[in-house]
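Accompanying notes for the structure given below.
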Amino acid sequence: MSAPSFDHATLETQCQQEWEKLGIFHVPVKKFNDSKPRFYVLEMFPYPSGDIHVGHVRNYVMGDILARTKRAQGFHVLHPMGWDGFGLPAENAAIERHVHPKDWTYKNINTMRKQLKTLGLAIDWAREITTCDPEYYKHEQKMFIDFFHKDLVYQSETYVNWDPVEQTVLANEQVVNGKGWRSNAPVERRLLPQWSLRITLMAEDLLQALDTLDKWPSEVRTMQKNWIGKSLGAEVSFSIKEHKNTSFNVYTTRPDTLFGASFCALAVDHPLVTQAAQSLPQLQEFISTCQNEKLSEAALENKKKEGFLLPFHAVHPLDDSISLPVYASNFVLMEYGTGAIFGCPAHDQRDFDFAKTYNLPITQVVAPTSSQNKELPPLSQAFTEDGILINSHFLNGMDTTSAKKHIIEHLEHTGKGKPTVNYRIHDWGVSRQRYWGCPIPFIHCSSCGAVPVPVQDLPVTLPYDVDFSLGGNPLDNHPSWKHVSCPTCKKPALRETDTLDTFFESSWYFARFCDPHNPDVAFDKDIAQQWLPVHQYIGGIEHAVMHLLYSRFFSRALSLCGYLDEIHEPFSSLFNQGMVCHETYAFPTEKGKTNQWLAPHETSLNKNGIRVHTQSSTPVVVGRSEKMSKSKRNTIDPVAMIETYGADTVRLFVVSDSPLDRTIEWTESGIGGARRFIDRLWRTGCLLSPDEHNTTHSALIPTPPQNLNPQARDVWKQLHATVKHVSQDLQTFGTNRAIAHVRALCNAIDSLKEQHHDTDSLWVFEQSFRIVLRLIAPIIPHVTHALWKKISPNETLSLLPWPQYDPLWTTQEQLTIPIQINGKIRDKINVPADASRETIEKIALAQPKIIQHLKNQQVRKTIVVASRIINIVASPST
RNA sequence: GGGGGCUUGGCGGAAUUGGUAGACGCGCUGGACUUAAAAUCCAGUGACUUAUGUCGUGCGGGUUCGAUUCCCGCAGCCCCUACCA
């Protein structure tokens, strides 16, 4: 890499101090009454995990480029930053390293803030928020109570992962192969009373409104759609032969195949199974086997479908002479539908497998449309397509669609069933048995039940003096914190010791940023509404479902509770940045032990080209490239890079090559090229003398002198075209193209300077260079700011309007048009842009090369696409 | 099992959305400057070919005057989701 031509560290610090002094990126918290449009750009805020890595840099730089561009284009820009403070890693640090989660979190925040600030981001730091601050979460507690009063919150019993050794509830990621991650003890399922949010209430609206989100990636919309999982079917009632008045309901999307039913199956936690198990020890055993299996088997593909034959039969709802065996089975889920199915082996692969295992009849009731009454061979697998009904009494001969309609009508008529809409999405369980989260503001009283904490008593703050060595939930173990009196009857009562899912904080932070320090309310409605919805949200695809869906639910719930009017969608445009990946490195592991990951900087290639742990020279296991994450330690620290090359170089480098939505494999090769470009700008800028006339630079590009030489004229045209392209590209995250255009223009103006030394060419050179600085400023703000100060001491680059191109200069008066013969380019001609098709054709056919090629050929047809191409279709003359 | 995506020189990637494939950069090669190196500048750089040319956007087909772009089939890689009745 080149020797620095200027001291980037000093220059960048100075620039950042100047911006701060001028308050350029600060937006007052108030209602605007000017006509200036507003633009809210938000990157998903970081979890304070320790240090920033290059993935963060790429993410926040791309948002910053947009914020700076929009600012120059005349918008009030809101571009804030905050911290998603609550989370499990803080608690893990407490358990493993005996630091307090709060201290750990705030220390990380301070580190990361400092690191982010070195990038020179155009952020209004006065709006910084931290979600683990009671000033933030007290409003969340109020919201929770408001949701409760609107019946959007309720309590119910739900299963959790319970570690019997640690005496604690485990998050899904803390369950490894069905065992507790620390205790290695088999995890149990336990029923606990939990709080849930009624997101299912809004399932239909959340689904329908996806169609309005036309500035979201279609994959994200599809994923949400599948997650909500609406299906149309029927609920069918099966009565039990042995017990009069007992029945169970089955949900099916294929009621048309009902005559093919050969068994029924219930989930192992279905009430009828639980009941039967009371007198059947073997069934009890089967249930617990299935429940443990359920947690351990991540790969369900090879899992056997098992059943336990229950001591009763189901009566076929269409023919009470038929009774069907009923199984408790591991492939039926209580969480979906009604937790019970009827098995139709011929038309469902799972049922087919099950029938094969237990020797149940396989009756085909749908025939392929093509089969036309021919005899059907026995099935080797389930036939799941639509077709024509057979073996189905009154349904015979109908197609699948009309059979469905008929059977549902029939079932409704006999009272055995009804059409049903089913959603896959569940209500959102928000209780977590953890310390480092927002306390749920409820008090449990033996006589009054669950009572909300009175608003004047909010916030319910987390106690600092907690003991993590006891295991379990420290809030529950705290000697005094949970003991309170009931707000209603004043009798001794217990505080809720569960805290909220950390997705709760991130579901409304975008609204808090609008009015971040309001002590009384979560945010002022009018102030929030002038910014919302977020115009451009930026974040990873991993949040495609949960975070984005919860936020969408929240904006609806907040509207219901009067926090917002008419804001239903929180993010009008969404951009998914690509992942930044890197190989993983680990010491060779012994069986049964967890990987000991190594950070890339701890390894190096030895002289034989083998990657080793640098300190010990031990060869390391090189794993495949994965998304950078703290857990795999495959992160790259940008701090050293910023020190060596400067923030501008790092900023330019991370957005230069790959399109921002593409997954990239991190490599530092090429960063020298980014620095070279900046050095080149610096050298060129230093050649220019300060502007003595104190010209004020507006959006308009100045008019050049008359009669420029052709090269200068071409540069001037290219300049306008570049402004056009870059303006578009910077707004659509096409930074790689924008940079390429600017570099091409730089090459052109440099060669103009080399070849022409007249005053007019010099003028073109200087003016073009000024525009280059303005176009590239959002990407490399420091060096451009400093250079502008040199050449226009009375202006601040960040306050200049965005340059506007003149369409007159982007039109070509002379065009190069290729001539094809049968689709192959044979020659090129220069023609005036307004040449008619006939003229072009005439010129083309007169070219010597073309005449040569058309010798012995007969022209059949000529296609002239104005200002594009000419294609001559010819064939050998006969 | 279901859904989505990707595949262009040695590498990252462009391509006006069906019209000059390889912009811009990295790397590499040669040259200038230098005692030498670094830096900088100049030239070259898809393959084959002495050249005119020929081939070339994962593979096979199709539509079209014309396909990296649209359609069908196949392969490889990646992501999401999953016993969803």
Side-chain angles (χ1 to χ4, degrees), chain A residues 1-5 217-220 222-223 225-227 229 231 233 250-255 257 265 267 294 297-301 303-305 329-333 335-344 347-351 353-354 384 422-425 541-542 544-545 578-579 581 624-625 627 653 656-659 661-665 667-674 676-677 679-680 683 721 724-725 734 736-747 750 754 816-825 827-828 852 860-865 867-874:
Chain A
M1 97 117 213
S2 56
S5 57
S218 59
E219 337 150 43
V220 175
T222 309
M223 284 164 79
K225 194 176 161 211
N226 294 340
W227 187 268
S231 68
V250 155
Y251 173 75
T252 178
T253 54
R254 293 296 303 272
T257 64
K294 184 166 193 165
E297 299 271 330
L300 298 153
E301 229 147 308
K303 192 168 136 189
K304 266 206 194 144
K305 288 166 181 54
S329 179
N330 63 349
F331 79 95
V332 181
L333 302 176
E335 294 83 30
Y336 186 79
T338 58
I341 61 153
F342 76 81
C344 179
H347 305 291
D348 183 289
Q349 191 57 44
R350 286 157 305 170
D351 299 349
D353 298 342
F354 191 84
T384 54
N422 195 58
Y423 297 92
R424 183 188 164 279
I425 190 173
I541 188 82
E542 66 272 21
V545 179
M579 299 185 293
C581 297
R624 68 181 188 89
S625 186
K627 186 193 172 190
F653 179 58
S656 274
D657 280 348
S658 292
D661 55 357
R662 204 173 291 188
T663 297
I664 59 161
E665 176 63 25
T667 161
E668 246 173 75
S669 92
I671 193 165
R676 265 200 293 281
F677 176 71
D679 282 344
R680 193 172 140 197
R683 281 195 303 271
K724 183 182 177 184
H725 284 126
N736 56 330
R737 281 172 310 197
I739 292 163
H741 278 123
V742 170
R743 294 184 92 132
L745 178 62
C746 286
N747 294 344
D750 272 6
E754 284 300 309
T816 305
I817 291 183
I819 308 165
Q820 294 183 332
I821 295 173
N822 294 332
K824 287 190 177 162
I825 290 159
D827 204 1
K828 290 170 189 177
Q852 174 68 23
R860 306 276 170 201
K861 199 171 162 188
T862 312
I863 291 124
V864 182
V865 182
S867 75
R868 277 280 152 77
I869 203 161
I870 168 164
N871 192 10
I872 300 162
V873 186

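In what follows, chains carry the letters A, B, and so on, assigned in the order in which the sequence lines appear, proteins first and then strands, with residues in each chain numbered from 1. The figures here come from the full heavy-atom set of this structure, side chains too, leaving out hydrogens, waters and symmetry mates.
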Q.
Measuring from the side chain of Arg743(A) (C-beta onward, heavy atoms only), which nucleotide among G25(B), A85(B), C65(B) has the closest atom?
A. G25(B)

Q. Syn or anti for U49(B), with syn set at within 90° of 0?
A. anti

Q. Tell me: CD1 of Ile869(A) to C1' of A21(B), nearest whole Å?
A. 12 Å

Q. Side chains of Ser231(A) and Tyr423(A): is there a donor and an acceptor less than 3.5 Å apart?
A. no

Q: Check every atom of A85(B), U16(B), C65(B) against the side chain of Thr252(A) and return the nucleotide holding the closest atom.
A: A85(B)

Q. At their closest point, which heavy atom of Phe342(A) faces which heavy atom of Arg254(A), and how far apart are they?
A. CZ-O, 3.8 Å

Q. Could you state the CZ-C1' distance from Arg662(A) to C11(B), rounded to the nearest angstrom?
A. 14 Å

Q: Would you give the length of the straight line joining atom SG of Cys344(A) to atom CZ of Arg350(A), rounded to the nearest 0.5 angstrom?
A: 11.5 Å

Q. Nearest to the side chain of Met579(A) - U20(B), G13(B), C79(B)?
A. C79(B)

**Q.** Closest to the Val865(A) side chain, choosing from G19(B), G25(B), G12(B)
**A.** G19(B)

Q: Take atom CD1 of Ile819(A) and atom C1' of U20(B), then tell me their distance rounded to the nearest Å.
A: 12 Å

Q: Tell me which nucleotide among A21(B), C84(B), A85(B) gets nearest to the side chain of Arg424(A).
A: C84(B)

Q: Write down the distance between CD1 (Ile821(A)) and C1' (G53(B)), rounded to a whole number of angstrom.
A: 14 Å

Q: For the side chain of Asp657(A), starting at C-beta, report the closest nucleotide among U20(B), C83(B), G12(B).
A: G12(B)

Q: Starting from C1' on C11(B), measure out to CG on Asn736(A) and report it in whole angstrom.
A: 15 Å

**Q.** Shortest side-chain distance from Lys305(A), nucleotide among C83(B), C65(B), G12(B)
**A.** C83(B)

Q. So, is G9(B) syn or anti if syn means the angle is within 90° of 0?
A. syn

Q) Mapping Ile863(A) and Ile870(A) onto RNA chain B by nearest heavy atom, which one lands closer to the 5' end? A) Ile870(A)

Q) Taking atom types as modelled, is there a side-chain donor on Asn822(A) or Arg860(A) under 3.5 Å from an acceptor on the other? A) no

Q) What distance separates Lys724(A) NZ from His741(A) NE2, expressed to the nearest 0.5 Å? A) 10.5 Å

Q | Distance, P atom - from G19(B) to A67(B), rounded to whole angstrom | A | 11 Å

Q. Which value, in whole Å, describes the distance between the C1' atoms of nucleotides U50(B) and U57(B)?
A. 29 Å

Q) Could you state the OH-C1' distance from Tyr336(A) to G1(B), rounded to the nearest angstrom? A) 15 Å

Q) Which residue, Ala340(A) or Ile739(A), contacts RNA chain B at a nucleotide closer to its 5' end, judged by nearest heavy atom? A) Ile739(A)

**Q.** Euclidean distance for P, U7(B) against U54(B) (whole angstrom)
**A.** 29 Å

Q: Write down the distance separating the P atoms in G58(B) and A21(B), rounded off to the nearest Å.
A: 16 Å

Q: For the side chain of Trp227(A), starting at C-beta, report the closest nucleotide among A15(B), C24(B), A82(B).
A: A82(B)

(Q) Can you identify which nucleotide, out of C65(B), U20(B), C84(B), has its nearest atom closest to the Pro818(A) side chain? (A) U20(B)

**Q.** Rounded interatomic separation in angstrom, taking CZ from Arg676(A) and C1' from A38(B)
**A.** 12 Å

(Q) Quick check for you: among C41(B), C24(B), U20(B), whose closest atom lies nearest to any side-chain atom of Ala740(A)? (A) C24(B)

**Q.** d(CZ, Arg683(A); P, U40(B)) in whole Å
**A.** 6 Å

